[in-house]
Structures are given as C-alpha cells and as structure tokens.
Amino acid sequence: MDKNYQPKQFEENIYQFWENNNFFEAKINKNKKTFSIILPPPNANANLHLGHAMYVYEDIMIRYHKLLGDEVLWLPGADHAGFETQFVFEKHLSAQGKSRFDYDRDTLFQMIWKFVMKNRDNMENQLRRLGFFLDWKKKKFTMDEDIVKIVYQTFEKLYKQGLVYRDKKIINYCTFCGTSFSDLEVVDKEKNSSLYYIKYPFVNKKGYIVVATTRPETLLGDTAVAVNPKDKRYKKLIGEKVIIPFVNRQVEIIADDFVDPKFGTGAVKVTPAHDFNDYEVGKRHNLEIIQVIGFDGKINENGEEFKGFYVGEVRKKIVEKLKEKQLLEKIDENYKNRVGCCYKCGRALEPLPKEQWFIKVKPLAQKAKKLVIEEKIKIYPKRFKKILLWWLENFKDWNISRQIVWGIRIPAYKCKSKIPLKTAGRQNSKIEGEWFVAVEKPKKCLICGECDFEQDNDTFDTWFSSGQWPFATLQTLGSEIFNYFYPTTVMETGYDILPWWVARMIMLGIFATKKPPFENVFLHGLIRDKKGQKMSKSKGNVINPMDMIEKYGADALRLSLVFGTSEGNDVFFSEEKVIGMRNFVNKIWNIGRFIYINKYQISKIKNQKLENIDKNQNLKQEIKRLEKEFEEIKKRYLKLMNGYKFSKALGLIYEFLWHRFADYYIEQLKKDVFDGNIESLKVLEEFYLETLKLLHPFAPFITEVIWKKFKGEEKSIVIKNLKNKV
RNA sequence: GGUCGCGUAGCUCAGUUGGCUAGAGCGUUUCAUUGACAUUGAAAAGGUCAGAGGUUCAAGUCCUCUCGCGACCACCA
C-alpha cells in the first residue's frame, strides 16, 4: 500500500468490476423490499456539470438500501431536451457559419440525432466516473420508440377525456428562436422602458383622449380604448369613438374594471392580438383581434406603411411620426417595467395569437394536490410542500406545442378537406380545420375518410415527455418490472425544477397510472461558487466535476457536496472543501494501511500474545468502550439515514473514524499492537471494516478498495449486509 | 406587492423535538513527529448566535416586530 491513496489507480477499475459483476442490475425478488429511484435524465447535449453531481444523494440512498438488503433499482436515462438541445446545436451551427434555415426538417433532425448520441455516451461515462450505482442494462432515452409510444398514448388519452384541446390564443413566442413557450419558460426582466402618452382624436367631436403605453407600435392593432367604469373623468366618453393613427381605424371607448385609473392617464389602448390583458378584455367585449406583428418579428400587411419592418424599428418610426402629427403628448423616460423574455436567448418575447395544443391543467392538478396533501407523496425538506401546492393551485393551461424540429412530433392530424376559408387578413379566435389524434398514423383520415391529412409540424414541450418519465421507463421494461418497482420510492432532484418537472410528473403520473409516480420527493439545493453566485459560463466560474475527479478522486468530490451542508439548501462549492475531503479519504486509507502493515508483520512474529487480552485490563476496557461507542454510532447513523439526514450521518462517521477511531483508539491500542498482540489488531480491523460499510454509500471507491485489500480482490463491500452485525 | 430562505468564530457552514462551559472544515499561533498518514498529531486564540421585544425554570433553537442579503412568484398598460 502506498503512503498516500491514489484514486486514479483504482476508481475506474472498481467501477468496471461492479458493472461486470452485474451488481447494478435490479431483479424481481418478491421476498425483498424494493427501493427504486429513476435518475432525472440529464440532457444529452453537453457534459455533466456540478449540478448533476448532486445526484450523489440518490447514489447514497441506493447504496444504503443495497446494504440493507433491499432490492434496489436506480434507472438511468437521457433526455433529448428538445428546445434546449436545438438551441445548443444551433450555436454549434452558427460557429460554422450556418443556421437552422440551411437544412430541411429531416436533415436537421438527423444531424441533431447524431450530435445527441455522441453526447449521450459521453454523459453516461461521466456518470460512471462519479461512481453511480446505475442499472445500465435498463437505460432509456426519451426518444426511444417504446417511450414515444407511451407518450403518444398519454396524449391520446388526455385528448379523449377532453384534457387536451387545440385553441388559438395569445401565447409567448420568441421570434428569434422561432417557437412558443409555456408560461414557465418566460423570464421577467426589469427594463428601462419609456412610457409614451399618445393622443387618439375623437371621431364625432373635437379633441382627443390620451393613452399611455410602452409599446406604441402595437397601436396598429388597437381595436378599442378602455377606461375604468368608475372613473369620473371618462364616464361621459364611454361609447365615444376615436381614430387610431396611421391605420385610421375607428374604435370605441369601452369600460372595463381591469383599468387602473391611477396609472398613466387612466385610459388604455387595447390590442387584443399582442397583449395578454388586452386579449382578455377583447374576449369580454367581443373585440376584433387584429394581428400586426408576424412570427418573424416584423410588422405584417395589417400594419400598412410599416409592413416588413422589425418591431423595434417601427417603434422608433411611429414615435417620430406621432411627433410630426403632434399626437404625442409626452414621453416619460424614467419608466421601469418588466418584460417577458426568452429564458434561453434573453430577447423580449412577443405575445402572439397562435393555434396550439393546450393541457387543461386544473383537473389534473386537483388530483395531484390530493396526493400531496394526504401525504401519499411526502416532500423533503418539508418547506417545499407548500411551494408545490401553490404551483398546483396556480398553474395555467399548459401550452405543449413547440415549433421546433428536435423533439417528439405531436401525433395530431388535420383534415385537409374541411378547412374553412380564411377571413382575409383579419383573424378570429376559432381554430382552422378539424383535427384528430392517433397513436399510430391511420391509413384514412379519421374526419372525412378520404383526404391526405397532414400531421402537425410541432413537437411536444420536452417536459411533457419527461413528465411521464417514471412510469414510461418502467412500463417499457415490462409489466412485471413495472408492478414490482412502481410507484418508485424516491424522486430526488433540484428544487429549481419543482414546477417544471416534479409537479407535472405527479399530475401525469396519477392520470396515466392511477398511482402516484413516487412516494417521496427529496429536493437538493443548487450549486453555487464560493461567493454564492450561480455558476455560469459567462461569469467564468464554472467548475467541471470531471476535473475535480481527476485531481482528487470521485469520493472526495462526492463527500464535498454532502459534508457540512443542510439538505435542500444551496451548496457553496469550493475546491478547498474537496481537498479537505481528499484528506479524509487519505486518512481512511492510512487507517487501513496501519492495520494492514501490522497484520502482515505480526503474523511473522513467532510468539503472538494471544492470551494477553484477558490479562491486560486496560486493553480489555478500551475494547469494550470501542464496542459500545460503535454500536451507539451505528444506531444514530441508521436513524439519520432513514430520516434523509445524510449530511449528518456523514458527519457522524467522519467524526468517529477520524477523531475517535484513529486519534484515540488506535493510539490507545498502538502499544499492544507493536508488542505483537494480535487480538487488539483483530478488534481494530473488525470495527474499521464495519465502519467502512457505513461510509460506503458516501465514498464507494475507497471503501471498496480497502475491503478488497483485506478480504480479497474478488470480494466486494457493495453487497454486504449491514444488518448482520450489531 | 406576495411567498420562502438566509443572517452563528477571519472565511464557508452545522446546530434534530428549546436543556449543562455554542460546534466542524479551512485559515491563524505554539508545540510535536526517525515504527499508518505533513493530505499528520497535540494544544491555543477567536463568537453581545443581525437588532429589539415576548413566552419559559431555561432560547442560537418557539412567537412578534425591525434591519440587511438572496431566491421564486405577480397582468400595472
């Protein structure tokens, strides 16, 4: 044994040993309790980051339950991560001077497929480097044929029950990325906007009404002006008509409660096609919806003279021209507001009317809520229960259509022979044509029976498929596996995707299987740098977990993420902490080395003092004390582990092994060991190895390396039973 | 504006259901070390537990308020 532990000499071989011996493989064993976790599938578009290393909590649980003798399953997978991946891929393209528009749908899809497959292999090997106890034989990908089929079945079932509907309404659309989003993907950014006060002249009398807006260009689509019905200033004007500049449309002044008399002038221009509020007002007052901004971010033919120009340019032009026409009363330059932006590219999103598939969330959320309230699903740490319930109460209908190529194409089809005539340019909110949904593409149109119907070009929001992950993965492995391991025991993930993923898994899981997808939710914190800032490429503070493993070993990295933290709180990561844990691992190694070396030497000494133990009262006492202390430690350890207090369990072992076992007991028994007393050495060895079992879930490599040194290369600590002793 | 979290030793953080002189890692100081480990050992210095009030025999721990930091949510055009 070297003086210092060299993780690189062992880790990859050890992992291979585990994998080759099928230790990771879960089987059906009706006599055993099950413990199952579905790994949150990492996106198959990049290397793992430190956030993924936090899945070490799952490994700790899995390995712990393996030691307890349960039948464990930790199922790995990869997420195609639709929009995210396409976005990453487009960055690669643009680095080569290309863009998504240079390829047809199939070519682009195939290119991304190759890209993803390569990344997926890489990502999986990185999970291995972390030492994760994953059942690789069962690995799944969100775009596997059998998974897609289940996703389709769920969609069809939702559709048949009226929980999926197609509608045309205002959605968040990124004109740069070329797709719509759900509400969750919108990030509000505070911006310095100007507030423009614009005069709308009356039709039937002299004068004008002034409206305040941050988006003067949308006046091209205005179909009303609204005031609060209680506002005395405007009461007499309700019903009066005004003229919208440039487009010369006559619109009415209407009364609606949503108008805040204290804001601006108390009069609001209403653009139902380009504002969520105005859309609602429009519905209440039966206003016309005139879309003036196209999906390319340019003004369309309804914008008359401004057609073909980008929104930003048109804003400037309109402001200039309003000034010329003396229709601009004033500009408040110091106005701040929040603008919904694309969470990926950061540009302002455009609210646009568009036909999409929506999930009616309320009924699904109600059932999910019940599970959480009744604790059929338990949440750890418990403060997240309230947050989860808030979300389940406040979800809006979920837009699941994405206008991107990379994803699972929606199995919805439009009948061609029953498309109504478009109302020229002007749009109403009715959807065009009749649709049907089918898991397998049928031979004949299910609507008219004769047309060559078209499949929807859109793909699913990634979260729609990943929201089905727990049951979809297990169902594809056969009903026996599914029935044995479902519902899974724990869902462990970062608290940042609680609404995106956890809530939706519960909703879709209970809908599709009538059972909760998991019994417990355990949420971990986010990794930040040592100053508490989010790690991001632009800040340059990203730490690559593989570098840490290279330098200090996987055990050290794993321990550094758990030691001295509080579950669910953010982790401030620092290399110094990894070094500290590397030192701990080295300490473990050297305890082993001490016992190992002396064992070897004593066996060569002729007169071993076997009888010493009875005569040496001090020795006898110390051994008894050690025994008692270990039992106490183990009892506390089991309680902490069962209560998801992993950090504390680790702290306990750390303290015991280093500052009690090494610093105290070894020092106490050292003299006897040097005297050739084999009994005291045996005691030390026994308790050392027992403690390694407790440590194994946290530091799987070093514990296995030492186990093999003592018990033989073919042996393994992984499959030892914790209950056998004490 | 709402909700949640945080504010404990120079730094990063623990502190279970309130209970003896408040802990760890790193850092600092002193000493030790030729039979496991300098990626070591022994010891020391260092905290009005953000502030104020309250409950209690007893509060870092429970309650109320204030201040500071952070996160998430919210339709103010």
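FYI, side chains are in, hydrogens and waters are out, and symmetry mates aren't considered; it's all heavy atoms of this structure. Letters A, B, ... are given to chains in the order of the sequence lines, protein chains preceding strands, and every chain is numbered from 1.
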Filtered N/O pairs between nucleotides 2-9 of chain B and protein, under 3.5 Å:
unit_1: B:U3; atom_1: O3'; unit_2: A:K386; atom_2: NZ; d: 3.3
unit_1: B:C4; atom_1: OP1; unit_2: A:K386; atom_2: NZ; d: 2.5

Any side-chain donor near an acceptor of the partner, [X] and [Y], under 3.5 Å:
X	Y	answer
A:Q291	A:H274	no
A:W398	A:D183	no
A:D332	A:Y196	no
A:N399	A:S182	no
A:S647	A:E567	no
A:S680	A:K682	no
A:Y664	A:E629	no

Given RNA chain B, 5'-ward residue of the pair A:K382 and A:W500, judged by closest heavy atom: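 Whichever sits nearer the 5' end wins; that is A:K382.
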Donor-acceptor pair present, A:K587 side chain and B:C37 base, under 3.5 Å: yes
Could you give the [atom1]-to-[atom2] distance, from [X] to [N], as a whole number of Å?
X	N	atom1	atom2	answer
A:Y596	B:C37	OH	P	16 Å
A:F661	B:A36	CZ	C1'	12 Å
A:W391	B:C72	CH2	C1'	8 Å
A:L640	B:U17	CG	P	12 Å
A:Y637	B:U16	OH	C1'	18 Å
A:L557	B:U39	CG	P	21 Å
A:L684	B:A36	CG	P	14 Å
A:K189	B:A74	NZ	C1'	19 Å

Taking only the [atom1] atom of each, what is the distance from [N] to [M] in whole angstrom?
N	M	atom1	result
B:U3	B:G19	C1'	34 Å
B:C26	B:A71	P	30 Å
B:G23	B:U39	C1'	23 Å
B:C62	B:G25	P	26 Å
B:C69	B:A50	C1'	11 Å
B:A36	B:U40	C1'	10 Å
B:C11	B:U28	C1'	12 Å
B:U16	B:C6	P	11 Å

Give one of base, sugar-phosphate or nothing for [X], where a contact means two heavy atoms less than 4.0 Å apart.
X	value
A:I595	nothing
A:E667	base
A:D663	sugar-phosphate

For A:K648, salt bridge (charged side-chain N to carboxylate O under 4.0 Å, His left out) partners two or more places apart: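 Partners of A:K648 by the salt bridge (charged side-chain N to carboxylate O under 4.0 Å, His left out) criterion come out as none, since no residue qualifies.
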Check: A:F656 and A:L694 side chains under 4.5 Å, non-hydrogen atoms: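 A:L694 does not reach A:F656 side chain to side chain.
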Test item: A:P351 and A:D275 side chains (from C-beta on) under 4.5 Å apart, heavy atoms: no
Classify the ring geometry of [X] against [Y]: parallel below 30°, tilted from 30° to 60°, perpendicular beyond 60°.
X	Y	value
A:Y637	A:F698	perpendicular
A:Y654	A:H659	perpendicular
A:F522	A:F646	perpendicular

Geometric cation-pi criterion A:K169 and A:F358, 6.0 Å radius, 45° cone: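 Pair A:K169/A:F358 counts as cation-pi.
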Return a table of donor-acceptor pairs under 3.5 angstrom between the side chains of residues 379-389 of chain A and protein atoms on other chains or two or more places apart.
unit_1: A:R383; atom_1: NH2; unit_2: A:G568; atom_2: O; d: 3.2
unit_1: A:R383; atom_1: NH2; unit_2: A:N569; atom_2: OD1; d: 3.3
unit_1: A:K385; atom_1: NZ; unit_2: A:E375; atom_2: OE2; d: 3.0

Among B:G41, B:U39, B:A36, the nucleotide that comes nearest once only the side chain of A:R582 is considered: B:U39
Restricting both atoms to N or O, compile the protein contacts to nucleotides 21-29 of chain B shorter than 3.5 Å, with distance only.
none

A:V56 and A:R558: CA distance, side-chain angles, deciding distance, side-chain contact (heavy atoms from CB on, under 4.5 Å) verdict: CA-CA 6 Å; A:V56 67; A:R558 293 166 56 111; 3.6 Å; yes
Identified stems (criterion: three or more consecutive Watson-Crick or G-U pairs, under 3.5 Å), RNA chain B: B:1-7 with B:67-73, B:10-13 with B:23-26, B:28-32 with B:40-44, B:50-54 with B:62-66
Phosphate-side-chain proximity, A:K648 and B:G15, N/O vs OP1/OP2 below 4.0 Å: yes
Sort me out a list of protein N/O and nucleotides 75-77 of chain B N/O pairs below 3.5 Å, or just none if empty.
unit_1: B:C75; atom_1: OP1; unit_2: A:K396; atom_2: NZ; d: 3.4
unit_1: B:C75; atom_1: O2'; unit_2: A:N277; atom_2: ND2; d: 2.8
unit_1: B:C75; atom_1: O2; unit_2: A:N277; atom_2: OD1; d: 3.2
unit_1: B:C75; atom_1: O2; unit_2: A:N277; atom_2: ND2; d: 3.2
unit_1: B:C76; atom_1: O2; unit_2: A:D260; atom_2: OD2; d: 3.0
unit_1: B:A77; atom_1: OP2; unit_2: A:Y335; atom_2: OH; d: 2.1
unit_1: B:A77; atom_1: N6; unit_2: A:D260; atom_2: O; d: 2.6
unit_1: B:A77; atom_1: N6; unit_2: A:F263; atom_2: O; d: 3.2
unit_1: B:A77; atom_1: N1; unit_2: A:D260; atom_2: N; d: 3.1

